[in-house]
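Read the structure below first, then the notes.
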Amino acid sequence: MAVGRVKALRGRVLTFTADPDDVGLAACYRYLEDGLVVVNDGRISDVGDAATLLPSLPAGAPVDHYPHELILPGFIDTHIHFPQTRVIGSYGTQLLEWLQKYTFIEEQKYRDPVHAAAGAKFFLDELLRNGTTTAVVYCSAHPESVEAFFAESERRGTRMVAGKVMMDRNAPEALRDTPQSGYDQSKALLQKWDKRGRQHYVISPRFAITSTEAQMEMAQALVREHPDVYVQTHLCENVNEIAYVKTLFPKLTSYTGIYEHYGLLGPKSIFGHCVHLEDEEVAALSGSNSIAAFCPTSNLFLGSGLFNMARLKNGPRPVKVSIATDVGGGTSYSMLRTAAEAYKILQLQQQSWPALAAFHMMTRGNALTLGLGDKIGTLEPGREADIVVLDARATPAMQHRMESVHGDIAEELFILMMMGDDRNVKATYVAGNKV
Ligand code: GUN
Ligand code: ZN
């Protein structure tokens, strides 16, 4: 190992090795009380007991020591809106009115590359401050916003998935593209940015309300031409939305059926929300191996409804489930706060969600649903060194609560998830660099 490129993080290392639904909670993770994560040129080269590995480090290799904190893979947020950093926390409306009253006003500003560049800096700062190292991102309808986002992500070396929102109706003129311009702009951005370094493109028709049939056909053409590229849209979030969608596509039998008709379902397709699905829609998502993104703070804030995780994840027609913030319908950038609201939504439905399952989903689980499990989401040799360091004693109330915890890792994680936020993030590493 060349000195200068090797560094290490020492502390309480926790990573997930299997889905707790498959192997049980006790067997789903690896925990090292005094562990070492060795990083070589941005990738993890070794993980093990500090006592064993420290002697093998090259002389002079820096070791960041976190004796009390937890060292985990960076969080992954599978649905978030980059132009909504000034929409978050807007009072009093449900989805359709919220879009018109706040969101479609704010997103118009992202036509300006200077505004978009400043927004991208703030947005990525905020994600990293919260320990989120990868996100699946909606930009605005303007190619300028996508350029600004990817340029900033590339500069920081973050692994990000992002795309231009396609929308050609039911929105202000300044946000509308056309079937042809939406296709052309998406195609050019995709060709420039997809798989360039750590960047990935995602084809992003906003939702069925804002895309005509002609635009859906163009989205389908893009997917056909680039079958390995991600797709994202919104699905069955709000009952008024669903009723409106049915009037716009009267010949198709369900909301999911519209996306299916236009060839948008598939293993790389991420459907935000999925709160109100008919059984046939669950079957279509399952059969196509599509992903349902659970957005708990958003579903509560916009009064959308309760996501039924057990029905989707463990039902007779299982659907891959990820978790996401959905800022700015969502009310926090923090995946910890997101997990707390998810827990409460599941409580209201008599479903339990152990902390180990939550932390699995926020890291390895989300990585696997995105097909990125060989790159991110775990701490093991070969993975990219995207890492978060969490301090469960960061606030007086948490320090006090932790005084009654004696070595039970699941209890510590549960306290982090129920009481934690950005204050608990002691450090974030992107490809081995502390940011
Ligand atoms: N449906 C269509 N666009 C949006 C959006 O920006 N946020 C949410 N939560 N739902 C949507
Ligand atoms: Zn959304």
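Counting convention: from 1, in listed order, for ligands and their atoms alike.
- Ranking protein heavy atoms by distance to atom 10 (N) of ligand 1, first place goes to Glu237 OE1, 2.7 Å.
- At a cut-off of 3.5 Å, with distance as the only test, a side-chain donor of Tyr31 or Arg12 sits close to an acceptor on the other residue.
- For a threshold of 3.5 Å applied to N or O pairs, the pair formed by Trp98 and ligand 1 contains no separation below that value.
- The ligand atoms of ligand 1 that sit less than 4.0 angstrom from a heavy atom of Asp326 are 8 (C), 9 (N).
- When hydrogens are left out, the protein atom nearest atom 6 (O) of ligand 1 is Arg206 NH2, 2.7 Å; that is the closest non-hydrogen contact.
- Remark: Arg311 CZ is packed, more than 12 non-hydrogen atoms of other residues, nucleotides or ligands lying under 6.0 Å away.
- Taking the six-membered ring for Trp, Phe294 and His273 have ring centres at least 6.0 Å apart.
- Within the 2.8 Å limit, Glu237 places no N, O or S atom next to the Zn ion (ligand 2).
- When all heavy atoms of Asp168 and Ser211 are compared, the closest pair comes out as OD1-CA, 3.3 Å.
- Applying the side chain to side chain donor-acceptor pair (under 3.5 Å) test between Tyr255 and each of Glu281, Glu260, Glu241, Glu278 identifies Glu241 as the sole match.
- Closest protein heavy atom to atom 1 (N) of ligand 1: His234 CG, 3.4 Å.
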Derivation of the side chain to side chain contact (heavy atoms under 4.5 Å, CB included) call for Met309 and Gln351: CA-CA 8 Å; Met309 178 127 82; Gln351 294 174 29; 3.7 Å; yes
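- Within the structure, the closest approach of Glu241 to ligand 1 does not fall below 4.0 Å when heavy atoms are considered.
- Partner of Ser181 under the side chain to side chain donor-acceptor pair (under 3.5 Å) criterion, chosen from Thr178, Asp177, Asp184: Thr178.
- Note on Cys295: not counted as a metal contact of the Zn ion (ligand 2), no N/O/S atom lying under 2.8 Å.
- Among heteroatoms of the N, O or S kind in Asp326, OD1 lies nearest the Zn ion (ligand 2).
- Distance check for His234 against the Zn ion (ligand 2): an N/O/S atom falls below 2.8 Å.
- With respect to Arg423 and Asp421, a salt bridge is recorded, a charged nitrogen being found less than 4.0 Å from a carboxylate O.
- The salt bridge (Lys or Arg N to Asp or Glu O under 4.0 Å) test with Asp386 is passed by exactly one of Arg43, Arg159, Arg198, Arg156: Arg198.
- Residues Tyr29 and Phe359 keep their aromatic ring centres 6.0 Å or farther apart.
- In Leu99, the part holding a heavy atom less than 4.0 Å from any atom of ligand 1 is the side chain.
- Taking a cut-off of under 4.0 Å to the non-hydrogen atoms of His81, the atoms of ligand 1 that pass are 5 (C), 6 (O), 7 (N).
- Rounding to 10 degrees gives 110° for the angle at the Zn ion (ligand 2) between NE2 of His79 and NE2 of His81.
- For Leu95, every heavy-atom contact with ligand 1 shorter than 4.0 Å involves the side chain, none the backbone.
- For ligand 1, the polar-atom distance check finds no N/O of Glu107 at less than 3.5 Å from any of the ligand's N/O atoms.
- Considering backbone and side-chain N/O of Thr103, none are found under 3.5 Å from N/O of ligand 1.
- Numbered from 1 in the order shown, with element, the atoms of ligand 1 that lie under 4.0 Å from a heavy atom of Phe207 read 1 (N), 2 (C).
- Ion pair Lys121/Glu126 not flagged as a salt bridge, since none of the NZ, NE, NH1 or NH2 atoms sits closer than 4.0 Å to an Asp/Glu carboxylate oxygen.
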